[in-house]
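The chains referred to below are lettered A, B, ... by the order of the sequence lines, with proteins before strands, and numbering in each begins at 1. Computed from a predicted model, the values in this text were never measured in an experiment.
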Amino acid sequence: VFTYTILAKGLCDTSRTDRALELLEEMRLQGCNPNTVTYNTVIYGLCKFDNVEAAEQLVQRQMPGDGCVPNVITYNSLIDGLCKVGKIESALKILKDMEEKLIPGPDTTSFNTILDAFCKEGKLKKAYKIMEHMKSIGHACNVVSYNIVLGGLAKLGRISEARRVLEEMVANNIAPNVVSYNILVDGMCREGMVYDANMILKAMRTNGIKPDTITYSTILDGFCKRGKIAQARELLGEMLREGLLLNTVTYNILIQSVSKEGRISEAEKLLQKMRQRGLTPDTITCNIMIQSLCKNGKVDKAIQVMDSMWVQGTDAI
RNA sequence: UAGCGACUCCUAUCU
């Protein structure tokens with residue numbers, strides 16, 4: 001069963017969910033019936049592939065036949081799948097069922113999934129309501145719950161409110177993590193508050209949270225987008241001194257920055273460095289390079305770059 | 001009593 005489940009996951013991860021469904025059939029023929037974990041794997045895959053109906057069919061039709069009982073994870077996957085296709089109402093129904101019938105009872109993840117759905121739609125009032133509901137039934141929020149809400153606020157540019165939520169976390173003895181801070185920093189940068197973001201970075205250190213590549217990349221991008229090259233350089237130096245490595249996204253930010261200034265050769269140098277460090281340019285790298293060349297009227301050069309990308313390898317297919 | 005499978009939620013870069 002283990003082996004088959006791993007295989008099922010492999011198929012699902014490569015979006016070949018139809019093959020995964022066939023695999024379930026094959027397992028039964030081999031007398032090696034899938035268990036709940038196997039089902040969860042496939043259900044999760046179907047949900048990620050926006051095929052919630054098929055996932056629900058599995059739960060209702062096939063699982064009982066194999067004597068499998070859906071667990072929290074099964075339902076959480078369904079809830080997530082429903083939310084991602086915009087059917088929050090149906091998702092709420094499942095959650096309610098779980099609460100009332102305790103088929104299994106919901107866990108924090110169940111609530112978080114719904115929270116995330118509301119926050120992604122900018123419906124913070126509903127999100128707050130869910131949080132209150134959780135509290136009223138004695139279900140604790142965790143870091144992720146708060147991070148989801150922080151993300152919702154940050155995306156709406158409600159920075160001061162986000163700051164308050166962060167303080168509330170601390171007051172509730174839920175320690176903010178790197179992600180919490182990164183969300184806040186990102187929101188600030190989008191609102192043009194790059195310097196405030198830089199302050200947060202310093203505050204992180206004093207709070208014992210190590211800023212990571214994402215923290216630095218976010219602020220770097222903020223500086224670059226506003227032409228604050230000197231500050232960007234300084235930050236980059238800081239980042240390297242901390243022993244952090246640049247990843248593809250960081251390079252993309254830098255390449256875009258120098259490209260905007262029309263420094264094409266500089267961009268190419270960065271691209272080379274990137275490869276030397278074993279990083280593969282992705283779709284975004286290609287787009288940045290090609291766009292900047294075309295804007296400078298160097299269409300031929302753009303085609304040349306595209307070809308070389310192809311030859312030297314890229315994740316952009 | 002430890003070591004293998006699921007899964008469940010959050011953050012950065014182009015268009």
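- Separating the CG atom of A/Asp80 from the P atom of B/C10 is a distance of 7 Å, rounded to the nearest angstrom.
- Which of B/U8, B/A12, B/A6 sits closest to the side chain of A/Thr218 comes down to B/A12.
- In the set B/U8, B/C9, B/C4, B/C4 carries the atom at the smallest distance from any side-chain atom of A/Phe2.
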Considering only distance and modelled atom types, tabulate donor-acceptor pairs under 3.5 Å from the side chains of residues 46-58 of chain A, sequence neighbours left out.
residue : atom : partner : partner atom : Å
A/Lys48 : NZ   : A/Asp80 : OD2          : 2.9
A/Asn51 : OD1  : A/Ala54 : N            : 3.4
A/Gln57 : OE1  : A/Arg61 : NH1          : 2.4

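- Counting non-hydrogen atoms under 4.0 angstrom, A/Ile214 reaches a base of the nucleic acid.
- Note: CG (A/Leu293) to P (B/C14) measures 18 Å, nearest angstrom.
- For residues 19-44 of chain A, the salt bridge (Lys or Arg N to Asp or Glu O under 4.0 Å) pairs, not counting sequence neighbours, are A/Arg19-A/Glu22, A/Glu25-A/Arg28, A/Arg28-A/Asp66.
- Rounding to whole angstrom units, CG of residue A/Asp212 and C1' of B/U13 are separated by 15 Å.
- Counted by atom type alone, A/Asp97 and A/Tyr75 present zero donor-acceptor pairs between their side chains at under 3.5 Å.
- If you check every strand for non-hydrogen atoms under 4.0 Å, A/Asn35 touches a base.
- Between A/Lys48 and B/A6 there is no side-chain N or O to OP1 or OP2 distance below 4.0 Å.
- A sub-4.0 Å separation between OP1 or OP2 of B/U11 and a side-chain N or O of A/Arg190 is absent.
- Taken residue by residue, residues 245-259 of chain A places heavy atoms nearer than 4.0 Å to RNA chain B at A/Asn247, A/Val249, A/Asn252, A/Ile253, A/Gln256.
- Within a heavy-atom distance below 4.0 Å of RNA chain B, the residues of residues 221-240 of chain A found are A/Asp221, A/Lys225.
- Across all their heavy atoms, A/Val178 and A/Lys210 have their closest contact at CG1-O, 3.6 Å.
- Going from atom CD1 of A/Ile43 over to atom C1' of B/A6 covers 10 Å, rounded to whole Å.
- Heavy atoms of other residues, nucleotides or ligands lying less than 6.0 angstrom from NZ of A/Lys135 number more than 12.
- Listed nucleotides: B/G5, B/U8, B/C9. Nearest to the side chain of A/Asp116: B/C9.
- The side chain of A/Val179 lies closest to B/U11, out of B/U11, B/U15, B/A6.
- Atom-to-atom, CG of A/Leu7 to C1' of B/C4 comes out at 16 Å; the value is rounded to the nearest Å.
- Using a 4.0 Å cutoff on non-hydrogen atoms, the parts of residues 136-156 of chain A near RNA chain B are A/Val144, A/Asn147, A/Ile148, ordered by number.
- Distance, A/Asn182 CG to B/U11 P: 11 Å, rounded to whole Å.
- Across all strands shown, A/Val1 has heavy atoms under 4.0 Å from base atoms, whether or not it also approaches the sugar-phosphate.
- Judged as a side chain to side chain donor-acceptor pair (under 3.5 Å), the pairs with a partner in residues 149-160 of chain A (not counting sequence neighbours) are, in order, A/Arg158-A/Glu161.
- When the C1' atom of B/C10 is taken as reference, atom NZ of A/Lys120 falls 7 Å away, rounded to whole Å.
- Listed nucleotides: B/G5, B/A6, B/C9. Nearest to the side chain of A/Thr113: B/C9.
- The shortest distance between the side-chain N/O atoms of A/Tyr181 and the OP1/OP2 oxygens of B/U11 is not below 4.0 Å.
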Please list every donor-acceptor pair under 3.5 Å in which a side-chain atom of residues 6-15 of chain A meets a protein atom from a residue at least two apart or in another chain.
residue : atom : partner : partner atom : Å
A/Lys9  : NZ   : A/Asp13 : OD2          : 3.2
A/Thr14 : OG1  : A/Gly10 : O            : 3.0
A/Thr14 : OG1  : A/Leu11 : O            : 3.0

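- A search for side-chain contact (heavy atoms from CB on, under 4.5 Å) contacts involving A/Thr74 returns A/Thr36, A/Asn40, A/Ile43, A/Val59, A/Met63, A/Pro70, A/Asn71, not counting sequence neighbours.
- Atom C1' of nucleotide B/C10 and atom CD1 of A/Ile174 are separated by 14 Å, given to the nearest angstrom.
- Distances from the side chain of A/Thr41 to the nucleotides B/C14, B/G5, B/A6 place B/A6 closest.
- Remark: A/Lys120 engages A/Asp116 in a salt bridge, criterion side-chain N to carboxylate O under 4.0 Å.
- For A/Ile284, counting side-chain heavy atoms from C-beta on, the closest listed nucleotide (B/G5, B/C14, B/U11) is B/C14.
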Using atom types as modelled, flag every donor-acceptor pair under 3.5 Å from a side chain in residues 261-273 of chain A to any protein atom, sequence neighbours excluded.
residue  : atom : partner  : partner atom : Å
A/Glu261 : OE1  : A/Arg263 : NH1          : 3.1
A/Glu268 : OE2  : A/Lys301 : NZ           : 3.2

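- Scored by the side-chain contact (heavy atoms from CB on, under 4.5 Å) test, A/Asp107 finds A/Val72, A/Asn76, A/Thr109, A/Ser110 as partners (sequence neighbours excluded).
- A/Ile290 forms part of a hydrophobic cluster together with A/Met306, judged by ILVMFWY side-chain heavy-atom separations under 4.5 Å.
- Sorted by first and then second residue, the pairs that involve residues 198-208 of chain A and meet salt bridge (Lys or Arg N to Asp or Glu O under 4.0 Å), not counting sequence neighbours, are A/Arg205-A/Glu238, A/Arg205-A/Glu242.
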